[in-house]
Amino acid sequence: MTQTIAPPVASTFDSLDPRTGTVLGSYPVHTADDVAAAVLRARRGAQHWAGLTAGERRSRLLSWRSVLARRADELAAVISSETGKPLDDARLEVTLVIDHVHWAARNAEKVLGRTAVSVGLMMANQRATVEHKPVGVVGVIGPWNYPAFTPMGSVVYALAAGNAVVLKPSELTPGVGRWLVESFATPSGSPDGAPVLQLVTGFGETGAALCTAGVDKVAFTGSTRTAKRVMAACAETLTPVVLECGGKDAMIVDADADLEAAADAAVWGGMSNSGQTCIGMERVYVVDAVHDRFVELVAAKARALRPGPTDRASYGPMTMASQVDVVRSHVQAALEGGGRAVVGGAESVRAPYVDPVVLLDVPEDNLAVTEETFGPVLVVNRVADADEAVERANGGTYGLGASVFAKARGDELAGRLRVGMVAVNSVISFAAIAEVPFGGVGDSGFGRIHGADGLREFTRTHSVVSQRFALPVKLMSFDRGPRMAGQLVRALRLTRGRRR
Ligand code: NDP
C-alpha cells in the first residue's frame, strides 16, 4: 500500500545534519517522469483506498497512529538529526502528529459522510443529502522547519478523507518524509500493490513537477514566493491548492495582562525552534503602561537561552543555511532604521546558530516588522493602548496566527485580528488542538488543514436530491399552469415577506 519509488534516476542528493554537516542519507532526485509515474500509481491507490469502507480506513489510520506512538522516539531522532532541533522539541512535534492522526481517523466518517439537509417548503416532496467525497490524488509539498507536523497536517487529513497522497518533503528533510511514508506501510500492508502514500524526493523542480503531474489537489507549505509559483503552475490545469505560507505573527499585551506569562510566551513563541516557526511570535505590541516591565522580563528570559548542538540546548541551529543571511539582514535593517537592541544584535548571528535578539522601537515599515524573519528575533514595540495594537497587528500583508495577553478584553481583541487563529493568554496553542482549523489570510495563504475544515479541504462536495413523491402541481415543467408563478410569489410574500 505504501511505496517508495525505486530510483531509475540520474542523480542523488544528500541530507545533512545542520549541526555538524554529517551526511545522514542519500536520496534520489526524482525527475518529472518519475513524479508522473508516481501519480499514475497513486490513481490505483486512490481507487483502492476510496473503495474501502470508512471503518476500514479508520482502523488502518488508527493502526498507523499506534505505530507512530510506539516508535515516537525513533521518528523524533530522525527529525532532530535533519533539522538540528533538540530531541525533546522533536518529541513534542511527534506528539502533535499522533494527536492529529487520532482525531482525523476517528472523525472523518462523521464529518464527511452523507447527511440529510433541509429541503424547504417549495421542495417538500424531495429528499436532499450532501456528502464529501475524496478528490482522488493529493500532492503534498512540505517544509523543513516542522518536517513531520506540517506536512502531516495535509497528509493525514487527505488520507482520512479517502485520498491517495504523493509527498514531496523539503530537500533538507527527506529522511523524515521517508520515515513517515515507510511507517504507513507497517500497519497497512500492500496486498494488491496499490500505493496509497508515496514519497518523491528532490529539489524545487521535483515539487514543481508534482504540481503539473495530474494530481487533483496540491497542499503546499513554505514561502509566499514559492506558493505563488505553485498556484501559477496549478492554474494551468485548474488544480485546486491549499497554501500554508509564512507569517509575521503578532502578540498584543494589554495593561491588565499577566506579564510574567506574557513574557514567557513571547520568548518561547518567538525563539523556540530558533524562531523557524510559521506561527512563531515575531512582533509584540505592548501597551505603554506595562511596556518597560514587560521588556525587562522578556530580556531576562531571552538572555538565559543557550542555543547549541546538544539536546540540552534551548534551541538548535538554523536548519537552512541561507536563512542566516535573512535573519542578519533583518536585524541590521532594524538597527539602521532606528530600532535598538536590548538583547543581542548583529553579532548574535554566528552561523549556523543565532543567539536571541530582542529589538525595541522598530518602525512599522521596517523589513524586520513587515517580512518574515524566521529566526530567534523578537521586535517589541510600544503602543498607546490595545486598540492601537490591533491596528498595527493588522497592518501587514500576512495574517496567519496571533496571540493576545489580556484579562478584560482578551476575546474582544482576538475577534478583531485579521488572522486565521488567535491564542488568548497562550501562544501557538491552536496548533495542538486537532479540531481547530489551521491556515491564514493574505500573504499567509488560504485553505485550511486540521479539524473538520481540514478534512473537507481534501474532498469535493457531492449532493443528491431525490424526489420522494410527485406533487399535483409541476413547478419545473413546461406543463406548469399559467398562474403558477404568480401563486408562488403570493405564497412567498406571506411566508417570507414579513420583516422578521
Ligand atoms: P520554499 O517555499 O522554497 O520551499 C517549501 C517547499 O516547496 C520545499 O519542499 C521546496 O522544495 C518546495 N519547492 C521549492 N520550489 C518549488 C516550486 N517551484 N514548485 C513546487 N515546490 C517547490 O521555502 P524555503 O525552504 O526556501 O524557505 C524560504 C522561506 O520560506 C523561509 O525563509 C521562511 O520564511 C518560509 N518558510 C515558511 C514555512 C512555513 O511553515 N510556512 C516553512 C518553510 C519556510 P526544496 O526544499 O526541495 O527546495
Side-chain angles (χ1 to χ4, degrees), residues 12-16 18 27-30 32 35 82-83 93 139-155 166-177 199-213 215 218-236 239 241-249 273-280 282 318-330 354 367-368 370-375 377 397-401 420-421 428 431 438-440 442-447 449:
T12 60
F13 68 103
D14 292 337
S15 143
L16 308 175
Y27 297 84
V29 178
H30 285 119
V35 175
E82 285 198 322
T83 61
E93 183 175 343
V140 176
I141 299 172
W144 42 264
N145 53 339
Y146 292 90
F149 173 70
T150 302
M152 287 287 269
S154 297
V155 170
V166 179
L167 168 66
K168 151 65 178 82
S170 164
E171 71 200 55
L172 301 178
T173 54
V176 176
L199 180 76
V200 292
T201 51
F203 302 106
E205 293 73 22
T206 306
L210 187 55
C211 298
T212 54
V215 293
V218 170
F220 169 85
T221 308
S223 64
T224 306
R225 187 170 43 88
T226 304
K228 289 178 184 175
R229 287 202 198 129
V230 166
M231 194 169 166
C234 288
E236 291 295 318
T239 303
V241 289
V242 44
L243 303 175
E244 206 275 275
C245 312
K248 191 73 189 175
D249 288 8
N273 205 36
S274 324
Q276 305 166 119
T277 305
C278 55
I279 46 170
E282 299 217 354
M318 303 305 290
T319 302
M320 184 170 73
S322 60
Q323 195 65 31
V324 172
D325 297 330
V326 176
V327 176
R328 186 186 292 111
S329 71
H330 285 199
V354 179
L367 205 60
T370 58
E371 281 306 318
E372 185 172 46
T373 306
F374 232 52
V377 178
T397 57
Y398 294 101
L400 191 54
M421 303 80 59
I428 305 184
F438 187 102
D443 280 355
S444 294
F446 54 81
I449 55 174

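Reckoned from all heavy atoms, side chains included, excluding hydrogens, waters and symmetry mates. Counting convention: from 1, in listed order, for ligands and their atoms alike.
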Tell me the protein heavy atom at minimum distance from [atom], and give that distance in Å.
atom	value
atom 8 (C) of ligand 1	Gly142 O, 3.4 Å
atom 39 (C) of ligand 1	Cys278 CB, 3.4 Å
atom 32 (O) of ligand 1	Gln323 OE1, 2.4 Å

Relative to ligand 1, is [X] under 4.0 angstrom through side chain, backbone, both or neither, heavy atoms considered?
X	answer
Pro143	side chain
Cys245	backbone
Met320	side chain
Tyr146	neither

Self-check item: Euclidean distance, Ser274 OG relative to Gln323 CD, rounded to 0.5 Å
Solution: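 Output value for this atom pair is 10.5 Å.
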Looking only at N/O atoms, are [X] and ligand 1 under 3.5 Å apart anywhere?
X	answer
Thr226	yes
Thr221	no
Phe220	no
Gly202	yes
Lys168	yes

Exercise. Establish whether atom 48 (O) of ligand 1 and some protein heavy atom are separated by less than 4.0 angstrom.
Key: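 There is a protein heavy atom less than 4.0 Å from atom 48 (O) of ligand 1.
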Quiz item: Going through the distances and angles, do Tyr398 and Glu371 end up as a side chain to side chain donor-acceptor pair (under 3.5 Å)?
Solution: CA-CA 9 Å; Tyr398 294 101; Glu371 281 306 318; 3.2 Å; yes
Exercise. Verify the distance criterion only: is there a donor paired with an acceptor across the side chains of Tyr27 and Glu171 at less than 3.5 Å?
Key: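 There is no such pair between these side chains.
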Quiz item: How about His330 and Thr373: does a side-chain donor come under 3.5 Å of a side-chain acceptor?
Solution: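 Side chains of His330 and Thr373: pair found under 3.5 Å.
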Whether [X] lies under 4.0 Å from ligand 1, heavy atom:
X	value
Val326	no
Ile141	yes
Thr150	no

Quiz item: So, for Ile141 and Gly207, which heavy atoms are closest and what is the spacing to 0.1 Å?
Solution: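 Taking every non-hydrogen atom into account, CD1-O, 3.6 Å.
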Quiz item: For the residue pair Gly246 and Thr224, what are the closest heavy atoms and their distance?
Solution: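 In this case the closest contact between Gly246 and Thr224 is N-OG1, 4.1 Å.
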Exercise. Step by step, work out the ring-ring contact (aromatic ring centres under 6.0 Å, His included) result for Trp144 and Phe149.
Key: CA-CA 10 Å; Trp144 42 264; Phe149 173 70; over 10 Å; no
